[in-house]
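A quick write-up on the structure given underneath.
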Amino acid sequence: MSEPPALPPSGSEPPTACFKAVFPATRAAIGPVRRELRGCLEESGLARIADDVALAASELMTNAVIHGCHGLPPTSEVTLTAAWTEQRLRVAVDDPSDALPAEQEASASRAGGRGLTLVDALSDRWGVETGGRGCGKSVWLELDLAFAAEECVA
């Protein structure tokens, strides 16, 4: 990890923990990164949400590999970063495409197309930041951890 991933500018607190993985834009690379992220979250005391975060991150990684890197050289890479404080967790997946993701209507006739709906259900917020003009994009999600901690106490 060359530099820690940052929480968005709206967060005044620096990340207390972070994770970063750069991997080839292949489906085979997604599972190992997902498991590594889940393990890191569990070791950091976030076991309660580790499965949901890993699942949502997996959906973002899959979209990046299938759609964000479609038609690009086989040497293309995707980057997953996660950073968290006591208040929130942010996961971002960067790919080299400027093409924006779009939620699709659920359909019984399609095997896929539900990834962003799942991300929306598992996160408090999600969005896209673009670099523009061929610089790629970052699709991110956030979870408010302060609320999760309060739920544990109640």
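Side-chain atoms are counted along with the backbone in the values below, which use heavy atoms only and exclude waters and symmetry mates. Not measured: the values here are computed from a predicted model.
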Item to complete: Could you tell me whether a side-chain N or O of K137 sits under 3.5 Å from a main-chain N or O of S97, the two making a donor and an acceptor?
Response: yes
Worksheet, complete the sentence: Paired with L41, the side chain to side chain contact (heavy atoms under 4.5 Å, CB included) test is passed by just one of V53, D52, V91, namely V53
Response to the item:
So CD1 of I49 and OG of S123: to nearest 0.5 Å the spacing works out to 11.5 Å
Item to complete: Would you give the length of the straight line joining atom CD of E142 to atom CZ of R125, rounded to the nearest 0.5 angstrom?
Response: 4.5 Å
Worksheet item: Any idea which heavy atoms bring V78 and A64 closest together, and the distance?
Response: CG1-CB, 3.9 Å
Worksheet entry | Derivation of the side chain to side chain contact (heavy atoms under 4.5 Å, CB included) call for L37 and L80 | CA-CA 9 Å; L37 172 63; L80 177 132; 4.2 Å; yes
Fill in: Value rounded to 0.5 Å, distance of CZ in R38 from CG in D51
5.5 Å
Worksheet item: Any idea which heavy atoms bring V119 and A56 closest together, and the distance?
Response: CG2-O, 3.7 Å
Practice prompt. Could you pull out the closest heavy-atom pair between C69 and D95, with the gap in Å?
Written response: SG-CB, 4.3 Å
Worksheet item: So how far is it from T117 OG1 to L122 CG, rounded to the nearest 0.5 Å?
Response: 11.0 Å
Practice prompt. Decide whether V93 and F19 are clustered together by the hydrophobic rule: side chain heavy atoms of Ile, Leu, Val, Met, Phe, Trp, Tyr closer than 4.5 Å, transitively.
Written response: yes
Item to complete: Please assess R27 against I66 for the test side chain to side chain contact (heavy atoms under 4.5 Å, CB included), listing each intermediate value before the final yes or no.
Response: CA-CA 8 Å; R27 290 182 191 208; I66 292 173; 3.3 Å; yes
Response to the item:
CD of E77 to CG of D94, rounded to nearest 0.5 Å, is 12.0 Å
Worksheet entry | Expected output: side-chain S76 to main-chain L72 donor-acceptor under 3.5 Å | no
Fill in: Closest contact, heavy atoms only, P101 versus L116
CB-CD1, 3.6 Å
Discussion item. Between D98 (side chain only) and G136 (backbone N and O only), is there a donor and an acceptor less than 3.5 Å apart?
Written reply: yes
Worksheet, complete the sentence: Smallest heavy-atom separation, K20 atom then T81 atom, equals CG-CG2, 3.7 Å
Worksheet item: Do the side chains of V22 and M61 join up, straight or via other hydrophobic residues, at under 4.5 Å, putting them in one cluster?
Response: no
Item to complete: Show your reasoning for whether side chain to side chain contact (heavy atoms under 4.5 Å, CB included) applies to W84 and R90.
Response: CA-CA 6 Å; W84 57 95; R90 179 178 171 103; over 6 Å; no
Practice prompt. Inspect the contact between R88 and D124 and indicate whether a charged nitrogen and a carboxylate oxygen are less than 4.0 angstrom apart.
Written response: no
Worksheet entry | Cationic N near anionic O, under 4.0 Å, R35 to E42 | no
Worksheet item: Are any side-chain N or O atoms of S58 and backbone N or O atoms of A54, one a donor and one an acceptor, separated by less than 3.5 Å?
Response: no
Worksheet item: Does any N or O in the side chain of T85 come within less than 3.5 Å of the main-chain N or O of Q87, such that one atom is a donor and the other an acceptor?
Response: yes
Worksheet item: Is any side-chain heavy atom of L118 less than 4.5 Å from a side-chain heavy atom of E59?
Response: yes
Worksheet entry | Close side-chain approach of D120 to L141, heavy-atom, < 4.5 Å | no
Fill in: Nearest atoms (heavy-atom pairs only) where I30 meets F23
CG1-CE1, 4.4 Å
